[in-house]
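Worksheet: one structure, shown below.
So you know, we letter chains A, B, ... as the sequences are listed, proteins then strands, and number each from 1. Remember, predicted model here, so these are calculated numbers, not experimental data. Basis for what follows: all heavy atoms, side chains included, without hydrogens, waters or symmetry-related copies.
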Amino acid sequence: MEFNMILGAWVSVFFTLAIFSLLYKDSFIFKLAENIYIGVSLGYVGSIALYQALKPLVWHKLFDSEGSKSIKGSEQIIIVLACIGGLLLFARFIPTLQWLSRWTMAFLIGYTAGIVIPSAIDSFLLAQVSKTIAPISFSQESISSGATFQQLLILVGVISVLLYFFFSSEQKGVLIGTSKIALVLIIIYLGGLYGATVMGRLSLLYGRISDLVTFSGSSYFYASFVLLVLFILFFFITSSKKQPEQHE
Amino acid sequence: MTRRFIFLLVAIVMILPMYFQFSIGKVHASPSTKGYYNAIEKIPEGSTVLVSFDFDPGSKPEIEPTARATIWHLLRRNVKIVCMSLWETAPVLAVEILGSVTKQFEKQTGKKIEYGKDWCYLGFRPGKYSVIVGLGESIYTQYRTDFYGKKTDELPIMKDIKSLKDFPLLIDFGAGNPGPETWIQMATDKFKIDFICATTAVVEPTYQQYISTGQLKGMVGAMRGAGEYEQLVGINDKGTAGVNAISLGQLLIVVLIILGNILKK
């Protein structure tokens with residue numbers, strides 16, 4: 001196995017155990033890992049922005065001889081204007097020029113709203129409504145496959161939940177019945193979301209444990225076992241040193 | 001002390017299935033996972049699909065198994081793969097997954113898989129919505145070069161591809177925003193492209209509505225879904241292995257919740 005793979009495994013195990021050490025107690029090792037993680041993440045995102053965005057989209061099109069020939073002069077002007085707009089965002093850090101950043105923000109908000117709102121109405125509202133108001137099928141096939149029950153459930157669910165959040169009239173009479181149905185459905189939905197979240201967190205834990213198990217093998221020089229023992233020793237020594245102070 | 005004991009118990013329960021290979025039951029594919037599998041099976045051989053890697057290291061354990069199985073499935077079906085990312089954190093993960101799966105596929109099947117001809121990775125572009133709008137007009141306005149700096153229009157795989165409309169299927173490995181909802185909103189509904197996705201457990205329930213409306217042809221949810229999909233594809237990888245550990249972990253949490261409620265009384 002290559003040296004860099006083994007080194008990578010040891011680094012990975014160290015930081016995994018360092019972050020997990022918070023479950024036992026907060027320590028210098030956890031804080032070290034936390035700060036390094038933030039620094040590395042920022043550095044990584046910065047380098048991706050540099051090499052995957054600024055270099056191909058700005059530098060290549062403006063200054064590279066081959067790249068600048070492949071686009072029209074008007075396109076280059078647009079790129080320069082976009083760069084100026086981007087730089088104006090940093091004007092927020094200069095109190096006297098702070099107002100300049102609002103121009104770019106106004107453009108971004110207007111542009112995004114223009115793109116997003118019409119398509120959101122189409123994809124998220126009209127598509128959902130048209131499916132909800134589609135005629136319910138009572139064919140033998142639909143009934144036996146459970147499609148009819150599903151359609152009825154969706155219909156009852158949508159109507160009752162909409163009425164539950166209809167605050168313009170007092171919840172009494174028919175509205176009490178529908179509100180109770182809505183409440184049950186909302187609770188089931190929230191329970192489902194909670195269950196899914198637990199499953200998601202366990203998947204993340206499995207990912208880390210799976211790596212720890214892989215790196216505990218002889219090909220990685222028992223990285224997980226060695227570092228686990230060192231961590232236990234570290235906590236044992238630091239806690240035994242502090243004990244006399246606590247008694248005092 | 002109780003909290004630490006619970007953490008230790010969860011860790012032990014999750015580690016056990018990794019050292020002692022056992023199964024706690026047969027994995028049955030859900031309708032949404034079957035839809036995902038069938039959408040890939042439906043693509044004619046030799047077509048080209050677009051795959052977007054939109055996740056980060058935090059969601060890697062949930063999405064990576066499906067991503068690996070999907071690339072394998074597409075290669076087995078002789079479907080060409082054009083990949084890209086809307087997340088700046090995705091390129092390193094995408095390159096690792098694509099590189100290792102193609103190598104593994106070559107080794108096991110003996111078939112030569114060539115970069116630029118059978119698959120390519122275009123890389124990350126910032127701009128979320130505007131990138132997709134741009135791709136709808138022309139791929140080359142967004143990606144003049146691929147991740148490795150090669151000219152996109154010179155790649156053989158891109159010969160018949162001009163815009164999003166030229167892909168019969170779009171696959172998103174998406175952990176949030178931009179992700180499956182962004183693709184539905186900006187591309188697949190507009191250009192009438194079949195769309196499937198692999199996502200995390202946290203957002204999976206909220207995407208079920210798009211399965212009902214047909215905006216999503218199929219979806220693989222987290223590691224459970226990955227295990228189901230691996231069974232359909234006929235491979236035994238991280239997803240299948242993870243299902244047992246996660247099922248045991250969930251069972252433990254259910255027991256702890258019940259115990260917690262009883263003991264409180």
In terms of heavy-atom pairs under 4.5 Å, which option from A/D122, A/L202, A/L212, A/D211 contacts chain B the most?
A/L202
Within a 6.0 Å radius of atom OH on A/Y222, are there more than 12 heavy atoms belonging to other residues, nucleotides or ligands?
no
For atom CD of A/Q150, is the number of surrounding heavy atoms from other residues, nucleotides or ligands below 6.0 Å larger than 12?
no
Heavy-atom proximity to chain B below 4.5 Å, by part of A/L57
side chain
Please set out all donor-acceptor pairs under 3.5 angstrom arising from side-chain atoms of residues 189-201 of chain A, sequence neighbours excluded.
residue: A/T197; atom: OG1; partner: A/L193; partner atom: O; Å: 2.7

Let me know if A/S47 has heavy atoms under 4.5 Å from chain B in its side chain, its backbone, both or neither.
neither
Could you tell me which portion of A/Y206 (side chain, backbone, both or neither) has an atom closer than 4.5 angstrom to a non-hydrogen atom of chain B?
both
Which atoms of A/Y111 approach chain B - backbone, side chain, both or neither, heavy atom under 4.5 Å
side chain
Pairs of heavy atoms under 4.5 Å with chain A: top-ranked of B/Q209, B/R224, B/E64, B/E181
B/Q209
If we define contacts as heavy-atom pairs under 4.5 Å, which of A/A53, A/A134, A/A120 has the most with chain B?
A/A120
Max heavy-atom pair count under 4.5 Å with chain B, selected residue of A/S123, A/G207, A/P56:
A/S123
So, do B/V133 and B/M186 sit near enough that their side-chain heavy atoms are less than 4.5 Å apart?
yes
